[in-house]
Amino acid sequence: MSGVDISLASMTADLQKVHPFGSGQVMLVSQTGQWLVAPNPELRMTDYKDTGADIIKAALSEGKAGVIENIKDADEKLYRRVIYPLLPS
C-alpha cells in the first residue's frame with residue numbers, strides 16, 4: 001500500500017491549467033459528492049447541487065461514466081459535462 005499527500009490548493013492550481021479540447025475544464029468531485037476542484041472557489045468542499053446531480057450520484061455509486069447535457073456557463077453558452085469516475089484498481 002502507498003499513499004500520497006497532495007495539497008488541495010496545488011491540485012486545483014494544476015488542474016485549472018488543463019483545458020481538454022482547447023476550452024474545457026477539469027473538475028473533481030469527491031466520492032461523497034463534494035466539489036474538490038470546482039468551477040469557482042466558493043463551491044470547494046460543498047455538495048454538488050448543479051445540473052445533473054442525479055447523474056453524478058449514479059456515477060459515484062455505480063462506477064459508470066455519464067454525460068450531463070445543456071449546462072450554461074456565465075456567458076449563457078451551452079456545454080456538456082462528461083463524468084468519469086476514478087475507481088481504485
Side-chain angles (χ1 to χ4, degrees):
M1 173 179 268
S2 64
V4 177
D5 289 333
I6 300 173
S7 158
L8 190 54
S10 70
M11 182 172 57
T12 298
D14 289 344
L15 290 177
Q16 286 176 337
K17 295 175 190 172
V18 179
H19 298 285
F21 307 106
S23 62
Q25 297 178 329
V26 176
M27 296 173 269
L28 290 179
V29 175
S30 73
Q31 290 177 322
T32 60
Q34 291 185 318
W35 283 108
L36 295 177
V37 177
N40 63 60
E42 299 83 38
L43 292 174
R44 191 177 305 145
M45 300 310 297
T46 64
D47 291 338
Y48 183 99
K49 295 180 183 175
D50 205 349
T51 302
D54 56 329
I55 297 171
I56 296 285
K57 288 178 185 175
L60 291 170
S61 66
E62 299 168 15
K64 295 182 180 176
V67 176
I68 303 170
E69 301 281 352
N70 300 319
I71 297 176
K72 289 185 181 180
D73 67 9
D75 296 327
E76 297 294 313
K77 293 180 185 174
L78 289 177
Y79 64 96
R80 75 174 44 111
R81 185 167 285 158
V82 178
I83 310 304
Y84 188 82
L86 302 174
L87 303 172
S89 54

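Remember, it's a predicted structure, so these values are computed and weren't measured experimentally.
No continuous path of ILVMFWY side-chain contacts below 4.5 Å connects Leu86 to Val37, so the two sit in separate hydrophobic clusters. Ile6 and Met27 sit in two unconnected hydrophobic clusters of ILVMFWY residues. Membership requires side-chain heavy atoms under 4.5 Å apart, directly or through other members. Linking Ile, Leu, Val, Met, Phe, Trp and Tyr residues whenever their side-chain heavy atoms come within less than 4.5 Å places Val18 and Met11 in a single cluster. Hydrophobic clustering (side-chain heavy atoms under 4.5 Å, transitive across Ile, Leu, Val, Met, Phe, Trp, Tyr) groups Leu28 together with Met45.
Rounded to the nearest 0.5 angstrom, Asn70 CG and Tyr79 OH are separated by 11.0 Å. Atom CG of Leu60 sits about 9.0 Å away from atom CD1 of Ile83, to the nearest 0.5 Å. Here OG1 of Thr51 is found 7.5 Å from CZ of Arg81. Values are rounded to the nearest 0.5 Å. A distance of 10.0 Å separates CG of Leu15 from CG of Leu8, quoted to the nearest 0.5 Å. Interatomic distance, Leu36 CG to Gln31 CD, rounded to the nearest 0.5 Å: 9.5 Å. For the atom pair NZ (Lys17) and CD (Gln25), the distance works out to 15.5 Å, reported to the nearest 0.5 Å.
The two residues Glu42 and Thr46 make their nearest non-hydrogen contact at O-CG2, 4.0 Å. The two residues Ala65 and Tyr84 have their closest heavy-atom pair at CB-CD1, 4.0 Å. Of all non-hydrogen atoms in Leu43 and Trp35, the two that sit nearest each other are O-CB, 3.4 Å.
Judged purely by atom type and a 3.5 angstrom limit, His19 uses its side chain to pair as donor or acceptor with the backbone of Gly24.
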Query - side-chain contact (heavy atoms from CB on, under 4.5 Å) between Asp50 and Ile56, intermediate numbers included - result: CA-CA 10 Å; Asp50 205 349; Ile56 296 285; over 6 Å; no

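The shortest side-chain heavy-atom distance between Lys72 and Leu78 falls under the 4.5 Å cut-off.
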